[in-house]
Protein chains: 2
Amino acid sequence: MGTKRRRLRELAAREQLFINTALAHIQTDGLLALKMAKVARDCDYATGTLYQHFASKEDLLLAIFASENEKNLEIMRRATEWDAPSRKKILALIVGDVLFSANHPDHQSLGRYIFTDAVWEAASLERRQQVLDAYMPHHEAATSITQDAINAGDLDPRGQSPAELTLGIWAMCMGMHTLVEADEVLTSLKLVRPYRWLLRNIHLYLNGLNWQPLLDPFDEQKLNQDVEHIVETLYQDLCFSPLSTEEPPHE
Amino acid sequence: MGTKRRRLRELAAREQLFINTALAHIQTDGLLALKMAKVARDCDYATGTLYQHFASKEDLLLAIFASENEKNLEIMRRATEWDAPSRKKILALIVGDVLFSANHPDHQSLGRYIFTDAVWEAASLERRQQVLDAYMPHHEAATSITQDAINAGDLDPRGQSPAELTLGIWAMCMGMHTLVEADEVLTSLKLVRPYRWLLRNIHLYLNGLNWQPLLDPFDEQKLNQDVEHIVETLYQDLCFSPLSTEEPPHE
DNA sequence: GGGGTATTATGAATGCGATTCAAAAAATGA
DNA sequence: TCATTTTTTGAATCGCATTCATAATACCCC
(Lines give C-alpha, C1' and ligand atoms only; values in the text may rest on other atoms or scores of the structure.)
Protein backbone atom coordinates (compact mmCIF):
# COMPACT_ATOMS: atom_id res chain seq x y z
CA MET A 1 0.00 0.00 0.00
CA GLY A 2 1.62 3.20 -1.25
CA THR A 3 -0.38 5.24 1.23
CA LYS A 4 1.70 3.91 4.06
CA ARG A 5 4.89 4.83 2.31
CA ARG A 6 3.67 8.33 1.52
CA ARG A 7 2.65 8.83 5.11
CA LEU A 8 6.12 7.86 6.28
CA ARG A 9 7.66 10.31 3.89
CA GLU A 10 5.38 13.05 5.15
CA LEU A 11 6.21 12.28 8.74
CA ALA A 12 9.92 12.40 8.02
CA ALA A 13 9.50 15.72 6.27
CA ARG A 14 7.55 17.13 9.17
CA GLU A 15 10.17 15.94 11.60
CA GLN A 16 12.87 17.66 9.59
CA LEU A 17 10.76 20.81 9.51
CA PHE A 18 10.54 20.78 13.29
CA ILE A 19 14.26 20.20 13.56
CA ASN A 20 15.15 22.99 11.16
CA THR A 21 12.80 25.42 12.80
CA ALA A 22 14.09 24.64 16.26
CA LEU A 23 17.66 25.00 15.03
CA ALA A 24 16.82 28.39 13.57
CA HIS A 25 15.34 29.45 16.89
CA ILE A 26 18.45 28.37 18.71
CA GLN A 27 20.64 30.24 16.28
CA THR A 28 18.79 33.49 16.73
CA ASP A 29 17.78 33.39 20.38
CA GLY A 30 20.02 30.81 21.98
CA LEU A 31 19.39 27.46 23.57
CA LEU A 32 17.98 29.11 26.64
CA ALA A 33 15.09 30.64 24.75
CA LEU A 34 13.94 27.54 22.91
CA LYS A 35 10.22 27.06 23.56
CA MET A 36 8.43 23.93 22.46
CA ALA A 37 5.13 25.71 21.92
CA LYS A 38 6.79 28.36 19.77
CA VAL A 39 8.50 25.78 17.58
CA ALA A 40 5.20 24.04 17.01
CA ARG A 41 3.30 27.24 16.29
CA ASP A 42 5.96 28.49 13.86
CA CYS A 43 5.52 25.27 11.93
CA ASP A 44 1.73 25.65 12.00
CA TYR A 45 1.22 22.58 14.14
CA ALA A 46 -0.13 22.10 17.63
CA THR A 47 2.17 21.48 20.56
CA GLY A 48 0.91 17.94 20.86
CA THR A 49 1.99 17.14 17.32
CA LEU A 50 5.53 18.14 18.14
CA TYR A 51 5.44 15.69 21.00
CA GLN A 52 4.46 12.94 18.61
CA HIS A 53 7.94 13.20 17.15
CA PHE A 54 10.01 14.02 20.18
CA ALA A 55 9.60 12.52 23.61
CA SER A 56 10.76 15.71 25.27
CA LYS A 57 12.52 18.95 24.63
CA GLU A 58 15.82 17.21 25.25
CA ASP A 59 14.89 14.58 22.71
CA LEU A 60 14.45 17.35 20.18
CA LEU A 61 17.89 18.70 21.03
CA LEU A 62 19.52 15.35 20.37
CA ALA A 63 17.65 15.16 17.09
CA ILE A 64 18.95 18.56 16.06
CA PHE A 65 22.46 17.50 16.89
CA ALA A 66 22.22 14.26 14.95
CA SER A 67 20.83 16.11 11.99
CA GLU A 68 23.57 18.74 11.92
CA ASN A 69 26.15 16.05 12.42
CA GLU A 70 25.15 14.46 9.18
CA LYS A 71 26.12 17.59 7.31
CA ASN A 72 29.50 17.21 8.95
CA LEU A 73 29.91 13.75 7.48
CA GLU A 74 29.95 15.05 3.96
CA ILE A 75 32.77 17.40 4.85
CA MET A 76 34.78 14.67 6.48
CA ARG A 77 34.36 12.46 3.50
CA ARG A 78 36.24 15.02 1.46
CA ALA A 79 39.28 14.50 3.63
CA THR A 80 39.12 10.72 3.75
CA GLU A 81 38.65 10.44 0.01
CA TRP A 82 41.30 12.95 -0.84
CA ASP A 83 44.25 11.48 -2.68
CA ALA A 84 47.12 12.85 -0.64
CA PRO A 85 49.81 11.68 1.80
CA SER A 86 48.30 10.38 5.03
CA ARG A 87 49.63 13.15 7.15
CA LYS A 88 48.06 15.75 4.92
CA LYS A 89 44.80 13.90 5.07
CA ILE A 90 44.65 13.89 8.81
CA LEU A 91 45.41 17.59 8.84
CA ALA A 92 42.66 18.10 6.29
CA LEU A 93 40.24 16.23 8.52
CA ILE A 94 40.95 18.59 11.37
CA VAL A 95 40.82 21.68 9.23
CA GLY A 96 37.43 20.47 8.02
CA ASP A 97 36.28 19.97 11.57
CA VAL A 98 37.33 23.47 12.53
CA LEU A 99 35.72 25.01 9.47
CA PHE A 100 32.51 23.13 10.10
CA SER A 101 32.42 24.41 13.67
CA ALA A 102 32.99 27.92 12.47
CA ASN A 103 30.17 27.63 9.98
CA HIS A 104 27.83 26.00 12.47
CA PRO A 105 28.60 28.03 15.54
CA ASP A 106 26.11 26.31 17.79
CA HIS A 107 26.94 22.77 16.92
CA GLN A 108 29.82 22.25 19.31
CA SER A 109 28.07 23.85 22.22
CA LEU A 110 24.93 21.88 21.51
CA GLY A 111 27.06 18.77 21.42
CA ARG A 112 28.54 19.53 24.77
CA TYR A 113 25.11 20.25 26.15
CA ILE A 114 23.40 17.09 24.98
CA PHE A 115 26.15 14.83 26.32
CA THR A 116 25.50 16.26 29.73
CA ASP A 117 23.85 13.66 31.95
CA ALA A 118 20.94 15.94 32.65
CA VAL A 119 20.07 16.22 28.99
CA TRP A 120 21.15 12.80 27.79
CA GLU A 121 19.00 11.00 30.34
CA ALA A 122 15.93 12.98 29.39
CA ALA A 123 16.01 11.78 25.80
CA SER A 124 14.51 8.58 24.49
CA LEU A 125 16.65 5.50 24.04
CA GLU A 126 16.10 5.47 20.28
CA ARG A 127 17.22 9.04 19.96
CA ARG A 128 20.36 8.39 21.94
CA GLN A 129 21.19 5.49 19.70
CA GLN A 130 20.62 7.71 16.71
CA VAL A 131 23.16 10.18 18.06
CA LEU A 132 25.68 7.44 18.74
CA ASP A 133 25.18 6.06 15.25
CA ALA A 134 25.71 9.50 13.79
CA TYR A 135 28.96 9.71 15.70
CA MET A 136 30.40 6.45 14.55
CA PRO A 137 31.30 7.45 10.96
CA HIS A 138 33.03 10.45 12.43
CA HIS A 139 35.40 8.23 14.27
CA GLU A 140 35.66 5.81 11.40
CA ALA A 141 36.88 8.59 9.16
CA ALA A 142 39.75 9.31 11.49
CA THR A 143 40.69 5.68 12.01
CA SER A 144 40.54 4.99 8.30
CA ILE A 145 43.12 7.68 7.68
CA THR A 146 45.27 6.21 10.42
CA GLN A 147 44.90 2.82 8.80
CA ASP A 148 45.97 4.33 5.47
CA ALA A 149 49.04 5.70 7.14
CA ILE A 150 49.94 2.32 8.56
CA ASN A 151 49.38 0.64 5.21
CA ALA A 152 51.49 3.22 3.44
CA GLY A 153 54.30 2.72 5.95
CA ASP A 154 54.04 6.30 7.23
CA LEU A 155 53.18 5.14 10.73
CA ASP A 156 54.42 2.26 12.85
CA PRO A 157 51.45 1.25 15.05
CA ARG A 158 53.69 -0.30 17.70
CA GLY A 159 51.01 -2.85 18.48
CA GLN A 160 48.22 -0.33 18.99
CA SER A 161 45.00 -0.27 17.04
CA PRO A 162 44.18 2.60 14.68
CA ALA A 163 41.24 3.54 16.91
CA GLU A 164 43.53 3.86 19.91
CA LEU A 165 46.10 5.83 17.98
CA THR A 166 43.39 8.26 16.95
CA LEU A 167 42.07 8.83 20.44
CA GLY A 168 44.56 11.56 21.29
CA ILE A 169 43.69 13.59 18.22
CA TRP A 170 40.05 13.23 18.97
CA ALA A 171 40.45 14.29 22.56
CA MET A 172 42.56 17.28 21.63
CA CYS A 173 40.08 18.56 19.07
CA MET A 174 37.25 18.11 21.47
CA GLY A 175 39.09 19.83 24.30
CA MET A 176 40.05 22.74 22.10
CA HIS A 177 36.46 23.22 21.00
CA THR A 178 35.48 23.30 24.65
CA LEU A 179 38.12 25.87 25.47
CA VAL A 180 37.08 28.00 22.53
CA GLU A 181 33.48 27.98 23.62
CA ALA A 182 34.39 29.00 27.14
CA ASP A 183 36.29 31.81 25.52
CA GLU A 184 36.33 34.01 28.56
CA VAL A 185 38.85 31.57 29.94
CA LEU A 186 41.18 31.83 26.96
CA THR A 187 40.92 35.56 26.55
CA SER A 188 41.50 36.15 30.22
CA LEU A 189 44.75 34.23 29.69
CA LYS A 190 45.61 36.19 26.55
CA LEU A 191 45.59 33.09 24.40
CA VAL A 192 44.57 34.04 20.89
CA ARG A 193 43.81 32.08 17.73
CA PRO A 194 43.39 28.79 19.55
CA TYR A 195 42.65 26.84 16.40
CA ARG A 196 46.07 27.68 15.03
CA TRP A 197 47.39 26.13 18.18
CA LEU A 198 45.25 23.10 17.65
CA LEU A 199 46.97 22.51 14.32
CA ARG A 200 50.42 23.04 15.79
CA ASN A 201 49.60 20.73 18.64
CA ILE A 202 48.32 18.06 16.30
CA HIS A 203 51.62 18.23 14.45
CA LEU A 204 53.52 17.95 17.70
CA TYR A 205 51.49 14.91 18.56
CA LEU A 206 51.94 13.32 15.14
CA ASN A 207 55.66 13.93 15.37
CA GLY A 208 55.57 12.18 18.73
CA LEU A 209 53.93 9.24 17.02
CA ASN A 210 56.69 9.40 14.44
CA TRP A 211 54.08 9.74 11.73
CA GLN A 212 56.01 10.43 8.51
CA PRO A 213 56.86 12.88 7.14
CA LEU A 214 57.85 14.74 10.29
CA LEU A 215 57.14 18.46 10.25
CA ASP A 216 58.36 21.41 12.20
CA PRO A 217 55.20 22.54 14.00
CA PHE A 218 56.54 26.05 14.49
CA ASP A 219 57.25 26.60 10.83
CA GLU A 220 54.51 29.17 10.26
CA GLN A 221 55.06 29.40 6.57
CA LYS A 222 54.77 25.70 5.91
CA LEU A 223 51.64 25.50 8.09
CA ASN A 224 50.00 28.39 6.26
CA GLN A 225 50.88 26.85 2.95
CA ASP A 226 49.38 23.49 3.91
CA VAL A 227 46.22 25.01 5.30
CA GLU A 228 45.73 27.20 2.27
CA HIS A 229 46.25 24.27 -0.02
CA ILE A 230 43.71 22.20 1.90
CA VAL A 231 41.13 24.95 1.99
CA GLU A 232 41.51 25.67 -1.70
CA THR A 233 41.41 22.05 -2.71
CA LEU A 234 38.67 20.74 -0.45
CA TYR A 235 36.75 23.46 1.30
CA GLN A 236 36.27 26.27 -1.19
CA ASP A 237 32.61 26.53 -0.31
CA LEU A 238 33.03 26.97 3.42
CA CYS A 239 33.40 30.67 3.68
CA PHE A 240 34.29 31.75 7.17
CA SER A 241 37.69 30.60 8.36
CA PRO A 242 39.08 31.03 11.85
CA LEU A 243 42.38 29.72 10.57
CA SER A 244 43.12 32.62 8.23
CA THR A 245 46.78 33.22 7.77
CA GLU A 246 46.70 36.90 8.49
CA GLU A 247 47.44 38.16 11.94
CA PRO A 248 44.37 39.01 14.01
CA PRO A 249 43.48 42.74 13.91
CA HIS A 250 45.46 43.88 16.91
CA GLU A 251 46.07 42.43 20.31
CA MET B 1 32.34 46.67 65.26
CA GLY B 2 32.94 42.92 65.69
CA THR B 3 29.28 42.26 65.05
CA LYS B 4 29.74 43.04 61.39
CA ARG B 5 32.63 40.66 61.12
CA ARG B 6 30.76 37.88 62.89
CA ARG B 7 27.82 38.37 60.60
CA LEU B 8 30.03 38.01 57.55
CA ARG B 9 31.49 34.83 58.95
CA GLU B 10 28.03 33.46 59.57
CA LEU B 11 26.93 34.33 56.07
CA ALA B 12 29.94 32.62 54.58
CA ALA B 13 29.28 29.55 56.69
CA ARG B 14 25.68 29.44 55.57
CA GLU B 15 26.66 29.81 51.97
CA GLN B 16 29.03 26.90 52.29
CA LEU B 17 26.28 24.88 53.96
CA PHE B 18 24.01 25.52 51.00
CA ILE B 19 26.78 24.58 48.60
CA ASN B 20 27.64 21.37 50.40
CA THR B 21 24.03 20.34 50.71
CA ALA B 22 23.35 21.01 47.06
CA LEU B 23 26.45 19.06 46.09
CA ALA B 24 25.28 16.14 48.19
CA HIS B 25 21.93 16.24 46.46
CA ILE B 26 23.58 16.20 43.07
CA GLN B 27 25.76 13.29 44.06
CA THR B 28 22.84 11.17 45.18
CA ASP B 29 20.11 12.16 42.74
CA GLY B 30 21.87 13.81 39.84
CA LEU B 31 21.87 17.32 38.47
CA LEU B 32 18.46 16.81 36.98
CA ALA B 33 16.84 16.34 40.36
CA LEU B 34 18.31 19.35 42.10
CA LYS B 35 15.46 21.38 43.61
CA MET B 36 16.08 24.80 45.10
CA ALA B 37 13.29 24.44 47.65
CA LYS B 38 14.62 21.08 48.77
CA VAL B 39 18.12 22.42 49.27
CA ALA B 40 16.77 25.25 51.40
CA ARG B 41 14.50 23.01 53.44
CA ASP B 42 17.27 20.48 54.07
CA CYS B 43 19.35 23.31 55.49
CA ASP B 44 16.42 24.50 57.64
CA TYR B 45 16.10 27.76 55.79
CA ALA B 46 13.38 29.22 53.64
CA THR B 47 13.64 29.27 49.88
CA GLY B 48 14.02 33.02 49.87
CA THR B 49 17.08 32.81 52.05
CA LEU B 50 18.77 30.60 49.53
CA TYR B 51 18.11 33.25 46.94
CA GLN B 52 19.86 35.81 49.09
CA HIS B 53 23.08 33.96 48.35
CA PHE B 54 22.53 32.80 44.81
CA ALA B 55 20.93 34.80 42.05
CA SER B 56 19.54 31.67 40.46
CA LYS B 57 19.83 27.94 40.38
CA GLU B 58 22.56 28.26 37.80
CA ASP B 59 24.38 30.66 40.06
CA LEU B 60 24.38 27.99 42.72
CA LEU B 61 25.82 25.49 40.27
CA LEU B 62 28.72 27.78 39.45
CA ALA B 63 29.30 28.25 43.15
CA ILE B 64 29.43 24.50 43.69
CA PHE B 65 31.92 24.18 40.90
CA ALA B 66 34.15 26.93 42.20
CA SER B 67 34.06 25.41 45.65
CA GLU B 68 35.01 21.93 44.49
CA ASN B 69 37.66 23.38 42.27
CA GLU B 70 39.42 24.79 45.28
CA LYS B 71 39.92 21.32 46.64
CA ASN B 72 41.59 20.54 43.35
CA LEU B 73 44.10 23.31 43.86
CA GLU B 74 45.60 21.66 46.88
CA ILE B 75 46.18 18.51 44.86
CA MET B 76 47.81 20.40 42.04
CA ARG B 77 50.06 22.20 44.42
CA ARG B 78 51.55 18.83 45.36
CA ALA B 79 52.71 18.39 41.79
CA THR B 80 54.06 21.89 41.29
CA GLU B 81 55.94 21.84 44.57
CA TRP B 82 57.34 18.39 44.08
CA ASP B 83 61.08 18.29 43.71
CA ALA B 84 61.44 16.18 40.61
CA PRO B 85 62.47 16.48 36.95
CA SER B 86 60.10 18.71 35.00
CA ARG B 87 58.73 15.94 32.89
CA LYS B 88 57.83 13.91 35.93
CA LYS B 89 56.13 16.92 37.42
CA ILE B 90 53.91 17.48 34.45
CA LEU B 91 52.97 13.82 34.48
CA ALA B 92 52.21 14.13 38.19
CA LEU B 93 49.95 17.08 37.51
CA ILE B 94 47.92 15.05 35.08
CA VAL B 95 47.79 12.01 37.31
CA GLY B 96 46.52 14.30 40.05
CA ASP B 97 43.88 15.69 37.77
CA VAL B 98 42.69 12.22 36.83
CA LEU B 99 42.63 11.06 40.44
CA PHE B 100 40.72 14.14 41.50
CA SER B 101 38.13 13.50 38.81
CA ALA B 102 37.80 9.92 39.89
CA ASN B 103 37.29 10.97 43.49
CA HIS B 104 34.84 13.72 42.58
CA PRO B 105 32.84 11.99 39.92
CA ASP B 106 30.46 14.85 39.27
CA HIS B 107 32.99 17.60 39.04
CA GLN B 108 33.93 17.23 35.41
CA SER B 109 30.39 16.88 34.24
CA LEU B 110 29.32 19.83 36.33
CA GLY B 111 32.17 21.78 34.80
CA ARG B 112 31.03 20.95 31.33
CA TYR B 113 27.49 21.87 32.23
CA ILE B 114 28.21 25.26 33.73
CA PHE B 115 30.36 26.37 30.80
CA THR B 116 27.37 25.81 28.57
CA ASP B 117 26.01 29.11 27.34
CA ALA B 118 22.58 28.32 28.70
CA VAL B 119 23.91 27.94 32.23
CA TRP B 120 26.75 30.43 32.16
CA GLU B 121 24.49 33.27 31.05
CA ALA B 122 22.02 32.60 33.83
CA ALA B 123 24.60 33.14 36.56
CA SER B 124 25.56 36.47 38.06
CA LEU B 125 28.60 38.32 36.82
CA GLU B 126 30.33 38.07 40.18
CA ARG B 127 29.87 34.34 40.28
CA ARG B 128 31.27 33.93 36.79
CA GLN B 129 34.31 35.92 37.77
CA GLN B 130 34.67 33.73 40.83
CA VAL B 131 34.74 30.66 38.61
CA LEU B 132 37.28 32.21 36.27
CA ASP B 133 39.44 33.17 39.23
CA ALA B 134 39.25 29.66 40.54
CA TYR B 135 40.39 28.43 37.17
CA MET B 136 43.39 30.64 36.87
CA PRO B 137 45.66 28.89 39.40
CA HIS B 138 44.89 25.68 37.59
CA HIS B 139 46.44 27.01 34.49
CA GLU B 140 49.21 28.73 36.38
CA ALA B 141 50.25 25.43 37.88
CA ALA B 142 50.72 23.93 34.44
CA THR B 143 52.56 26.92 33.02
CA SER B 144 54.82 27.13 36.04
CA ILE B 145 55.94 23.57 35.43
CA THR B 146 56.54 24.40 31.78
CA GLN B 147 58.55 27.42 32.87
CA ASP B 148 60.60 25.19 35.18
CA ALA B 149 61.30 22.92 32.24
CA ILE B 150 62.51 25.84 30.14
CA ASN B 151 64.67 27.13 32.96
CA ALA B 152 66.17 23.71 33.55
CA GLY B 153 66.96 23.37 29.86
CA ASP B 154 64.61 20.40 29.43
CA LEU B 155 62.49 22.26 26.91
CA ASP B 156 63.33 24.65 24.11
CA PRO B 157 60.36 27.06 23.87
CA ARG B 158 61.10 27.92 20.23
CA GLY B 159 59.75 31.40 20.79
CA GLN B 160 56.45 30.28 22.28
CA SER B 161 55.19 31.28 25.70
CA PRO B 162 54.79 28.69 28.46
CA ALA B 163 51.04 29.30 28.42
CA GLU B 164 50.87 28.51 24.73
CA LEU B 165 53.02 25.43 25.11
CA THR B 166 50.68 24.19 27.81
CA LEU B 167 47.53 24.64 25.78
CA GLY B 168 47.74 21.29 24.05
CA ILE B 169 48.05 19.39 27.30
CA TRP B 170 45.14 21.28 28.72
CA ALA B 171 42.97 20.62 25.69
CA MET B 172 43.82 16.95 25.66
CA CYS B 173 42.95 16.46 29.32
CA MET B 174 39.73 18.31 28.89
CA GLY B 175 38.77 16.39 25.79
CA MET B 176 39.53 13.07 27.42
CA HIS B 177 37.38 13.93 30.41
CA THR B 178 34.58 14.74 28.00
CA LEU B 179 34.97 11.46 26.19
CA VAL B 180 35.03 9.57 29.46
CA GLU B 181 31.82 11.17 30.60
CA ALA B 182 30.08 10.35 27.36
CA ASP B 183 31.24 6.81 27.97
CA GLU B 184 28.65 5.22 25.75
CA VAL B 185 30.67 6.60 22.89
CA LEU B 186 33.92 5.04 24.03
CA THR B 187 32.47 1.71 25.00
CA SER B 188 30.58 1.43 21.75
CA LEU B 189 33.97 1.81 20.08
CA LYS B 190 35.60 -0.73 22.40
CA LEU B 191 38.05 1.78 23.76
CA VAL B 192 38.92 0.87 27.32
CA ARG B 193 40.96 2.54 30.04
CA PRO B 194 40.94 5.94 28.39
CA TYR B 195 42.98 7.57 31.12
CA ARG B 196 45.89 5.25 30.40
CA TRP B 197 45.68 6.53 26.89
CA LEU B 198 45.65 10.07 28.13
CA LEU B 199 49.01 9.49 29.78
CA ARG B 200 50.46 7.81 26.72
CA ASN B 201 49.17 10.62 24.54
CA ILE B 202 50.65 13.22 26.82
CA HIS B 203 54.00 11.51 26.49
CA LEU B 204 53.64 11.43 22.73
CA TYR B 205 52.92 15.12 22.77
CA LEU B 206 55.82 15.93 25.09
CA ASN B 207 58.15 13.90 22.87
CA GLY B 208 56.87 15.96 19.96
CA LEU B 209 57.82 19.07 21.91
CA ASN B 210 61.21 17.47 22.46
CA TRP B 211 60.72 17.86 26.20
CA GLN B 212 63.65 16.04 27.82
CA PRO B 213 64.05 13.28 28.76
CA LEU B 214 62.25 11.64 25.89
CA LEU B 215 60.25 8.56 26.83
CA ASP B 216 58.84 5.63 24.95
CA PRO B 217 55.09 6.11 25.39
CA PHE B 218 54.38 2.46 24.70
CA ASP B 219 56.73 1.20 27.35
CA GLU B 220 54.05 -0.10 29.69
CA GLN B 221 56.44 -1.04 32.43
CA LYS B 222 58.09 2.35 32.63
CA LEU B 223 54.71 4.07 32.60
CA ASN B 224 53.38 1.86 35.38
CA GLN B 225 56.50 2.46 37.39
CA ASP B 226 56.23 6.24 37.03
CA VAL B 227 52.55 6.32 37.87
CA GLU B 228 53.04 4.11 40.92
CA HIS B 229 55.88 6.26 42.09
CA ILE B 230 53.80 9.41 41.70
CA VAL B 231 50.79 7.96 43.46
CA GLU B 232 52.86 6.66 46.35
CA THR B 233 54.80 9.85 46.75
CA LEU B 234 52.08 12.44 46.29
CA TYR B 235 48.60 10.97 46.30
CA GLN B 236 48.55 8.28 48.97
CA ASP B 237 45.28 9.62 50.36
CA LEU B 238 43.31 9.54 47.12
CA CYS B 239 41.95 6.07 47.19
CA PHE B 240 40.21 5.23 43.98
CA SER B 241 42.42 5.07 40.96
CA PRO B 242 41.30 4.59 37.37
CA LEU B 243 44.93 4.26 36.36
CA SER B 244 45.60 1.05 38.21
CA THR B 245 48.27 -1.02 36.56
CA GLU B 246 46.31 -4.26 36.51
CA GLU B 247 44.39 -5.24 33.46
CA PRO B 248 40.67 -4.53 33.64
CA PRO B 249 38.58 -7.56 34.74
CA HIS B 250 37.71 -8.90 31.31
CA GLU B 251 36.62 -7.33 28.08
C1' DG C 1 15.07 48.46 79.15
C1' DG C 2 12.21 50.43 75.55
C1' DG C 3 10.83 51.82 71.39
C1' DG C 4 11.71 53.13 66.78
C1' DT C 5 14.10 52.03 62.50
C1' DA C 6 16.65 49.06 59.38
C1' DT C 7 17.81 44.70 58.00
C1' DT C 8 16.87 39.83 57.13
C1' DA C 9 14.00 35.68 56.84
C1' DT C 10 9.86 33.58 55.52
C1' DG C 11 6.97 30.70 52.56
C1' DA C 12 2.67 31.36 50.12
C1' DA C 13 1.60 33.28 45.73
C1' DT C 14 3.05 34.02 40.96
C1' DG C 15 4.44 32.88 36.53
C1' DC C 16 6.39 30.36 33.05
C1' DG C 17 6.62 26.75 30.12
C1' DA C 18 6.98 21.60 29.46
C1' DT C 19 3.96 17.99 29.13
C1' DT C 20 -0.59 15.63 28.92
C1' DC C 21 -5.01 14.18 27.45
C1' DA C 22 -9.99 14.49 26.49
C1' DA C 23 -12.33 15.97 22.69
C1' DA C 24 -12.50 17.07 17.70
C1' DA C 25 -11.11 16.18 13.12
C1' DA C 26 -9.47 13.41 9.52
C1' DA C 27 -8.53 9.15 7.35
C1' DT C 28 -9.74 4.53 6.38
C1' DG C 29 -12.56 0.90 4.83
C1' DA C 30 -16.88 -1.39 4.31
C1' DT D 1 -22.81 6.87 3.67
C1' DC D 2 -21.45 5.60 8.18
C1' DA D 3 -18.74 3.10 11.77
C1' DT D 4 -14.09 2.64 13.31
C1' DT D 5 -9.44 3.78 13.78
C1' DT D 6 -5.76 7.11 13.70
C1' DT D 7 -4.08 11.67 14.15
C1' DT D 8 -4.31 16.37 15.60
C1' DT D 9 -5.52 19.85 18.61
C1' DG D 10 -4.78 23.30 22.27
C1' DA D 11 -6.68 24.18 26.75
C1' DA D 12 -5.82 22.29 31.26
C1' DT D 13 -2.39 20.39 34.40
C1' DC D 14 1.61 20.29 36.92
C1' DG D 15 6.16 21.10 38.62
C1' DC D 16 9.33 24.18 40.02
C1' DA D 17 12.12 28.51 39.93
C1' DT D 18 11.59 32.89 41.45
C1' DT D 19 9.38 36.89 43.86
C1' DC D 20 7.63 39.78 47.35
C1' DA D 21 4.41 41.31 51.00
C1' DT D 22 4.57 40.30 55.70
C1' DA D 23 6.69 38.79 59.99
C1' DA D 24 10.62 38.38 62.69
C1' DT D 25 14.89 39.90 64.22
C1' DA D 26 18.78 42.88 64.94
C1' DC D 27 20.53 47.32 65.77
C1' DC D 28 20.90 51.83 67.83
C1' DC D 29 19.98 55.71 70.54
C1' DC D 30 17.89 57.51 74.58
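Order of the sequence lines fixes the chain letters, A, B, ..., with proteins taken first and strands second; residue numbering starts at 1 for each chain.
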N/O donor-acceptor pairs under 3.5 Å from side chains in residues 119-137 of chain B, not counting sequence neighbours:
| unit_1 | atom_1 | unit_2 | atom_2 | d |
| --- | --- | --- | --- | --- |
| Trp120(B) | NE1 | Glu184(A) | OE2 | 2.7 |
| Ser124(B) | OG | Asp59(B) | OD1 | 2.9 |
| Ser124(B) | OG | Arg127(B) | N | 3.3 |
| Arg127(B) | NE | Asp59(B) | OD2 | 3.2 |
| Arg127(B) | NH1 | Glu15(B) | OE2 | 3.2 |
| Arg127(B) | NH1 | Gln130(B) | OE1 | 3.0 |
| Arg127(B) | NH2 | His53(B) | O | 3.0 |
| Arg128(B) | NE | Trp120(B) | O | 3.2 |
| Arg128(B) | NE | Ala123(B) | O | 3.4 |
| Arg128(B) | NH2 | Glu121(B) | O | 3.2 |
| Arg128(B) | NH2 | Ala123(B) | O | 3.4 |
| Gln129(B) | NE2 | Asp133(B) | OD1 | 3.1 |

Tell me every residue that passes side-chain hydrogen bond (donor to acceptor under 3.5 Å, both in side chains) with Asp44(A), counting only those two or more places apart in sequence or in another chain. none
Give, ordered by number, those residues of residues 23-43 of chain B having at least one heavy-atom distance below 4.0 Å to an atom of DNA chain D; if nothing qualifies, reply none. Leu34(B), Lys35(B), Met36(B)
Tell me which residues in residues 45-60 of chain A put a heavy atom below 4.0 Å from DNA chain D, sorted by number, or none. Tyr45(A), Ala46(A), Thr47(A), Gly48(A), Thr49(A), Gln52(A)
Only pairs under 3.5 Å count here: list side-chain donor-acceptor contacts from residues 91-101 of chain B, not counting sequence neighbours, and write none if there are none.
| unit_1 | atom_1 | unit_2 | atom_2 | d |
| --- | --- | --- | --- | --- |
| Asp97(B) | OD2 | His177(B) | NE2 | 2.9 |
| Ser101(B) | OG | Asp97(B) | O | 3.0 |
| Ser101(B) | OG | Gln108(B) | NE2 | 3.2 |

Quick one: does Lys57(A)'s side chain have a donor or acceptor within less than 3.5 Å of a partner on Leu34(A)'s backbone? yes
Sequence neighbours left out, what pairs pass ring-ring contact (aromatic ring centres under 6.0 Å, His included) with at least one residue falling in residues 25-51 of chain A? Phe18(A)-Tyr45(A)
Sub-4.0 Å heavy-atom contacts from residues 12-21 of chain B onto DNA chain C, ordered by number: Arg14(B)
Set of residues satisfying side-chain contact (heavy atoms from CB on, under 4.5 Å) with respect to Ala163(A), sequence neighbours excluded: His139(A), Thr143(A), Ser161(A), Leu191(B)
Is Arg7(A) close enough to dT7(D) that one of its side-chain N or O atoms is under 4.0 Å from OP1 or OP2 there? yes
For His107(A), the side-chain hydrogen bond (donor to acceptor under 3.5 Å, both in side chains) test, sequence neighbours excluded, returns none
Pairing residues for Tyr113(A) by the side-chain hydrogen bond (donor to acceptor under 3.5 Å, both in side chains) criterion, not counting sequence neighbours: none
Partners meeting side-chain contact (heavy atoms from CB on, under 4.5 Å) with Glu81(A) (sequence neighbours left out): Arg77(A)
Partner residues of Lys89(B) under the side-chain hydrogen bond (donor to acceptor under 3.5 Å, both in side chains) criterion, sequence neighbours left out: Asp148(B)
